[in-house]
Enquirer: 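Supplied in structure tokens, the structure appears directly below.
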Amino acid sequence: MITLVPDAMITLALATVLLPFLGAALIAGAPHRAGKWLCQIFAAATLVVMLDLVFRFAEAGKASTSKALIVFGRTEILGLTVDAISVLIALAVIAIGLLVAVYSAAYLNAGNREHPDTGRPRYYAFLLVFIGAMAGLVFSSTITGQLAFFEITGACSWALIGYYETPKALRSAAKALIITHVASLGLYVAAALLFIDSGTFALSAIAQLTPAHKAAVLLAILVAAWGKSAQLPMHMWLPDAMEAPTPVSAYLHAASMVKVGVYIFARGLMAADGVPHIVGWVGATMAIVTLIYGFFMYLPQVDMKRLLAYSTITQLSYIFLGLSLSVFGSDLAFKGAISHIFNHAFAKTLFFLVAGALSYTAGTRMLPSLRGIITKTPMLGVSFVVAALAIAGVPPFSGFFSKFAIFGGGFEVSQQNLLLLPMLVIALLESVGCFAWFLKWVGYSVPGKPSETMAAASPLPVGMQFVLVALVVMSVCSSFIAASWLG
Amino acid sequence: MVGFQLVNGLAGLLIVTSLLVILARRPGNSARFYALQSFVLVLIFLALAEVSDSHELYLWSASAFVTKVVLVPIIMYRAFSKLDDPKLGSGAIMPPALSVVLAALVVILCFWVVSGVALPAAAAIKPALAVSLAHFFLGLGCIVSQRNILKQVFGYCLMENGSHLTLALLAAKAPELVEVGIATDAIFAVGIMAVLGTKIFLTLHTLDARSLTTLKG
Amino acid sequence: MVSSNLPLLILCGPLAVAALIFLLPRGSSPRCFEFAHLVSISFVLVLSIMIVGQVIDGNQLTAFGDWLYVDALGAVFLMVIGVVGFLTGLYSIGYIRHDLASGALDAGKMKIYYGFFSLFLFTMLLAASSNNIVMMWVAVEATTLGSAFLVGVYGQKSSLEAAWKYVIICTVGVAFGLYGTVLAYANGSDVLGNSRDAILWTTLAAHATSLDPMLAKLSFVFVLIGFGTKAGLFPMHAWLPDAHSEAPSPISALLSGVLLKCALLVIIRYYAITVRAVGPEFPQLLVLILGSLSIIVAAPLFFIQQDLKRKLAYSSIEHIGLIAVGLGLGGPLGVGAALLHTINHSLAKALLFCGAGNVMMKFGTRDLGSVKGLMRVAPVSGLLLMAGALALAGFPPFNVFVSEFLIFVAGLKAGYFWLMLVCALFFTITVAGLIQIVANSVLGKSPATMATGDVGWRPILPMAILLLLVLTMGVAVPQPVSRLLQSATAIVLSDSSSVAIAAPWQEPFSTTPQPDNKKAKPLALATGTPSHTETNP
């Protein structure tokens with residue numbers, strides 16, 4: 001029933017899933033103070049294992065392997081897939097997990113001006129579980145595996161978003177959980193349909209379905225994906241989830257939770273081997289609708305985190321757009337979407353952590369009261385600029401390359417499907433608008449004489465500085481890594 | 001055939017006695033009427049035993065006499081005579097005349113349902129079968145239409161008598177132990193209801209089912 | 001069929017202990033009662049495991065002139081009674097000691113509690129192992145009578161009220177069951193011309209095809225109403241929230257985890273007869289309607305309750321509804337998943353009711369408005385309650401997820417897409433409610449005056465075992481259990497051609513080829529592979 005095979009790659013992948021869970025169990029039993037150290041140690045160990053996997057995988061010529069772990073009869077329940085895409089995304093998820101763990105240790109303490117707190121073990125335990133569940137989701141080769149880890153990330157996000165336990169935070173946490181749980185029904189349906197038709201839960205079986213059933217399964221997955229990736233009409237949990245501690249927002253809403261949606265959709269498309277166009281039309285249309293909505297929603301925002309939340313929604317729409325375009329036959333758009341998952345993870349984490357650093361040092365994240373950041377704390381100012389440019393997609397920062405690939409692929413397939421053209425134009429316009437809007441806030445907040453709040457800011461802890469530097473570097477390099485990895 | 005007519009006639013009498021049980025104002029009187037009704041039931045059993053030549057039914061009527069005519073009424077009479085809630089009155093939620101009309105309707109309806117049953121054994125005793133079904137629902141009606149919690153106990157007893165009669169009519173040769181099991185169960189049920197009813201009266205000083213409303217939702 | 005003393009023995013044990021406890025003088029040391037109680041529950045646990053072991057080996061045990069009969073179906077429920085009965089019984093010791101110390105119970109009431117606990121176990125075991133349909137009814141009726149005093153043991157106004165409603169509604173409901181039983185028996189005895197054997201379920205099931213269809217339908221309707229009352233199906237559920245909330249917590253766990261399932265077993269037994277007699281459409285439709293209505297009605301009511309145990313009671317109605325839906329969907333997958341959910345819900349709900357008991361011990365109230373921050377004052381209890389809530393909400397890797405998912409699959413497979421979606425959405429309301437419990441009562445700030453410290457190991461130990469079982473069943477259903485479920489499903493569904501009850505049930509779906517490289521288990525799941533054809537509406 002449960003088989004462990006001596007395949008090094010699979011064993012390593014399994015280790016990246018299990019190590020964080022082990023760490024979380026240890027934290028639950030360890031004394032209060034040990035929590036943050038155990039969390040960092042296990043996150044680092046997971047990254048080491050992951051890097052080992054990356055190098056072995058690259059050495060072995062990036063050949064995909066897949067292994068069933070739990071099988072009942074002929075029905076594969078749980079299994080792992082190691083291929084170029086899963087390794088790339090798992091790397092981002094785990095690396096950012098470590099960075100967030102380090103940052104959290106510096107953020108959750110009495111020196112925090114907005115939320116003084118001691119960093120209870122619960123926080124670190126759930127963060128580790130989250131990392132493990134994300135790795136599990138990324139490597140899953142079955143819909144049931146995806147569903148299980150999907151739900152675990154939902155439960156963890158609830159615990160983390162509600163961490164401050166204010167009534168508002170708890171309400172937002174419950175909202176995030178319920179909405180994503182409703183969305184998970186899509187995965188239930190997809191799993192059930194797949195099982196009824198093929199007798200297995202393995203994603204690879206989607207390819208054998210008839211076109212109509214294939215479309216049904218993929219659309220069901222798409223519904224689940226919309227919920228997790230905060231697309232209309234299941235987007236409302238994300239802006240509210242900004243009640244979470246900022247490192248959690250960074251991890252959940254830049255690197256992991258919201259990426260679950262786009263990732264399972266991408267996996268479904270990859271496994272399908274020829275996708276009915278209806279899936280592409282539905283996906284692209286909803287992506288554009290969400291894109292327009294998200295853009296208009298971030299205009300009135302003054303809370304930096306809420307602004308980032310809406311920006312995240314629109315960036316995810318780009319990824320959905322890229323994936324949907326790939327349905328029409330553009331490999332470039334698919335690669336663009338995957339690298340956008342990777343790039344956006346680093347850039348948006350950076351942006352969130354800048355917001356966190358501002359609340360830590362200055363005690364607020366309201367943009368109007370933050371001016372002259374670069375004069376007071378040059379490090380933060382630079383990070384702010386890099387993050388904004390990377391998100392807006394300005395070369396040479398990472399966002400440019402992946403967006404470029406998505407648009408390039410899109411224009412390529414719009415030759416055959418002229419209806420796609422207006423969609424792409426709208427997306428391009430949004431891109432320009434987004435650039436202008438971020439430029440406005442950069443111009444307002446970064447240069448000049450520090451405002452009263454900024455002038456009184458405390459110095460930035462070392463841990464945070466280290467994390468910010470690492471992310472700034474990645475915001476430039478990530479697209480090159482992704483491009484060379486995906487070939 | 002005379003035996004079957006006797007059975008059917010006695011079954012009609014059963015309906016009358018059960019109406020008396022339902023409509024009696026005091027629980028003590030209900031207990032007396034219940035004893036009377038059970039006696040009619042025993043007579044039906046005897047008649048059936050004679051007709052169908054069933055050895056088991058003779059035993060049944062003996063044990064039913066002990067449990068239903070003697071034990072259960074005594075338990076109820078002793079337990080319920082002490083409990084009196086003058087405020088409650090008869091506790092019925094509708095006038096007696098309406099109850100009788102409704103009872104008649106139930107009987108007619110049951111005749112109609114039973115006419116659909118095609119079992120050969122039931123052919124001669126269809127009226128009695130209909131009465132037994134009606135009796136069951138009369139008991140249910142008693143529980144629904146009475147606010148006095150003690151009357152609800154009688155309602156249960158009527159239901160139980162109804163199903164007992166059905167059993168006797170349809171399966172006269174059932175093992176004796178079955179009947180003993182049902183009868184003992186009924187005694188225990190009545191006993192426990194009597195204990196609980198007494199406790200409720202001692203704690204709440206009322207027998208009105210409407211006052212049992214602490215728990216809601 | 002193998003004649004065996006075990007079914008008789010397992011019944012005699014708790015009955016003898018109950019008699020002993022009632023005979024002991026009131027002034028005896030509480031330790032005497034506790035010891036007798038422990039003997040009784042351990043005895044039941046050990047014997048139920050032995051019986052289940054024999055059944056898994058492919059035997060059907062009979063005793064007492066075929067009046068007692070344990071097949072795979074009965075064994076599933078015997079196992080639930082044995083395990084959950086033992087664990088809640090173990091939990092009772094710490095809980096009752098606490099109640100004695102706090103003055104909520106006195107020595108006389110404690111005697112009543114332990115005496116009726118064993119008696120209650122006896123009646124449930126009798127219901128699960130009975131082959132004589134009238135005795136089955138007697139046993140279910142006796143479960144009401146045996147547990148009525150347990151529900152009202154605190155003797156307060158509200159607990160008496162709950163006990164009264166419980167007794168009246170259930171006895172009246174079960175009177176319908178008696179009528180249904182009588183009809184089934186009369187039907188059988190008339191058709192078979194053998195009044196002695198027609199009383200046995202095995203005989204009725206074996207000759208179900210020759211039964212009068214009209215009477216069989218009528219009998220099933222009465223049985224469904226009657227035993228459905230006891231199982232807590234809407235609209236006959238009115239007694240359930242009151243009884244569950246007013247009873248001592250271990251009894252609530254036993255009521256919800258085991259008693260409801262015993263009534264369900266009786267319904268399943270008649271379901272099996274009716275499926276054979278009139279085909280699957282009629283019983284399936286009835287059960288499906290009642291089940292879905294139970295879910296739809298109970299979920300919102302669950303959400304608005306402020307009383308922790310009342311909340312859990314409504315969740316029980318909802319889960320019973322889900323089991324009924326699984327039965328109503330039919331097919332090996334639907335029935336198998338329903339049986340699996342029976343086990344899973346028992347374990348998870350027992351865990352949660354015990355958790356509610358810890359809340360009672362710590363806070364002295366069940367009002368969710370005043371229970372705050374359990375995690376801070378009693379971390380282990382808090383963790384267990386939280387895990388239980390997540391399990392019941394259907395999150396992986398807990399067991400409820402597995403069976404809920406299987407029922408969902410069965411529903412889609414049977415073509416009830418919209419119904420399953422509606423059920424799933426209503427279950428999301430439950431998730432919201434459970435999350436609220438955890439967010440507001442387990443987490444949050446505890447009252448400043450509350451001393452930190454858990455409730456002691458005695459109540460914690462059985463809960464930890466329950467959690468372990470919940471997790472085990474969630475990660476991978478153990479092979480013996482899945483085998484048992486598979487045979488049980490076959491008993492419920494087998495068509496007239498293979499209805500000879502004496503035939504061995506092993507591998508009824510052996511159409512599933514086993515992969516040779518792995519030690520694959522023929523789980524209930526495997527029965528749903530496309531190679532298997534089934535008779536769905």
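Below, read A as the first sequence line, B as the second, and so on, with proteins coming before strands; counting in each chain starts at 1.
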Enquirer: If you check every heavy atom in residues 164-184 of chain A against those of chain C, which residues fall under 4.5 Å?
Expert: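 When heavy atoms of chain C are the reference, residues 164-184 of chain A contributes A/E165, A/L170, A/A174, A/L177, A/I178, A/H181, A/V182 within the under-4.5 Å range.
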Enquirer: For the atom pair CG (C/L484) and CD1 (C/I343), what is the distance rounded to the nearest 0.5 Å?
Expert: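 Answer for the CG-CD1 pair, C/L484 versus C/I343, is 7.0 Å.
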Enquirer: Could you walk me through whether C/V335 and C/L327 satisfy the side chain to side chain contact (heavy atoms under 4.5 Å, CB included) test, starting with their C-alpha distance in whole Å, then the side-chain angles of each, then the deciding distance to 0.1 Å, before giving a yes or no?
Expert: CA-CA 5 Å; C/V335 174; C/L327 288 173; 4.3 Å; yes
Enquirer: From C/F426 CZ over to C/I295 CD1, what is the distance, rounded to the nearest 0.5 angstrom?
Expert: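 Reported value, rounded in 0.5 Å steps: 9.5 Å.
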Enquirer: Side chain from CB out, backbone as N, CA, C, O: work out which of these in C/F427 comes under 4.5 Å of a heavy atom of chain A, or both, or neither.
Expert: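 Neither part, no heavy atoms under 4.5 Å.
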Enquirer: Taking heavy atoms only and a threshold strictly under 4.5 Å, list by residue number the residues of residues 154-163 of chain A that touch chain C; give 'none' if the list is empty.
Expert: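 Residues A/A155, A/W158 are the ones that qualify, each having a heavy atom under 4.5 Å from chain C.
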Enquirer: Looking at C/L425, C/L383, C/L390, which has the largest count of heavy-atom pairs under 4.5 Å with chain A?
Expert: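 Most pairs with chain A among the choices: C/L425.
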Enquirer: Between atom CZ of A/F195 and atom CG of C/L406, what is the distance when rounded to the nearest 0.5 Å?
Expert: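 Interatomic distance, A/F195 CZ to C/L406 CG, rounded to 0.5 Å: 7.5 Å.
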Enquirer: Using side chain to side chain contact (heavy atoms under 4.5 Å, CB included), reason through A/I264 and A/K228 one step at a time and then give a plain yes or no.
Expert: CA-CA 10 Å; A/I264 55 172; A/K228 267 293 203 229; over 6 Å; no
Enquirer: For residues 431-444 of chain C, tabulate all N or O donor-acceptor pairs below 3.5 Å that involve a side-chain atom, not counting sequence neighbours.
Expert:
unit_1, atom_1, unit_2, atom_2, d
C/N440, ND2, C/Q436, O, 3.4
C/S441, OG, C/V371, O, 3.1

Enquirer: Just verifying a value: how many Å separate C/L374 CG and C/M386 CE, rounded to the nearest 0.5 Å?
Expert: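 Between C/L374 CG and C/M386 CE, I get 10.5 Å after rounding to 0.5 Å.
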Enquirer: Enter the distance from C/E404:CD to C/F395:CZ here, rounded to the nearest 0.5 Å.
Expert: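 Those atoms lie 10.5 Å apart.
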Enquirer: Going by heavy atoms in the side chains, are A/L193 and A/H213 under 4.5 Å from each other?
Expert: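 Of all side-chain heavy-atom pairs linking A/H213 with A/L193, none is under 4.5 Å.
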Enquirer: Using non-hydrogen atoms and a limit below 4.5 Å, what part of residues 133-144 of chain A faces chain C?
Expert: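 If one takes a 4.5 Å heavy-atom cut-off, the residues of residues 133-144 of chain A near chain C are A/T144.
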Enquirer: Quick one: of A/V189, A/L147, A/T200, A/I152, who has the most non-hydrogen atom pairs under 4.5 Å with chain C?
Expert: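 Counting heavy-atom pairs under 4.5 Å, the top option is A/V189.
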Enquirer: Check whether any side-chain heavy atom of C/V325 sits under 4.5 Å from a side-chain heavy atom of C/L329, and report yes or no.
Expert: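 Counting from C-beta outward, C/V325 and C/L329 do come under 4.5 Å.
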Enquirer: Taking the side chain as everything from C-beta on, heavy atoms only, tell me whether C/L419 gets closer than 4.5 Å to C/S292.
Expert: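 Answer yes - side chains close enough.
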Enquirer: Yes or no on side chain to side chain contact (heavy atoms under 4.5 Å, CB included) for A/F150 and A/V260, after CA distance, side-chain angles and deciding distance?
Expert: CA-CA 7 Å; A/F150 185 110; A/V260 167; 3.8 Å; yes
Enquirer: Does the ring centre of C/H341 sit less than 6.0 Å away from the ring centre of C/F405?
Expert: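 No, too far apart.
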Enquirer: Given a strict heavy-atom distance threshold of 4.5 Å, which part of C/M420 is in contact with chain A: side chain, backbone, both, or neither?
Expert: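 Contact with chain A involves no heavy atom of C/M420 at all.
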Enquirer: Apply the test side chain to side chain contact (heavy atoms under 4.5 Å, CB included) to residues C/V400 and C/H345: give CA-CA distance (whole Å), side-chain angles for both, the deciding distance (0.1 Å), then the verdict.
Expert: CA-CA 7 Å; C/V400 174; C/H345 173 249; 5.7 Å; no
Enquirer: Measuring from A/L80:CG to A/K67:NZ, what's the distance to the nearest 0.5 Å?
Expert: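 Answer rounded to 0.5 Å: 11.0 Å.
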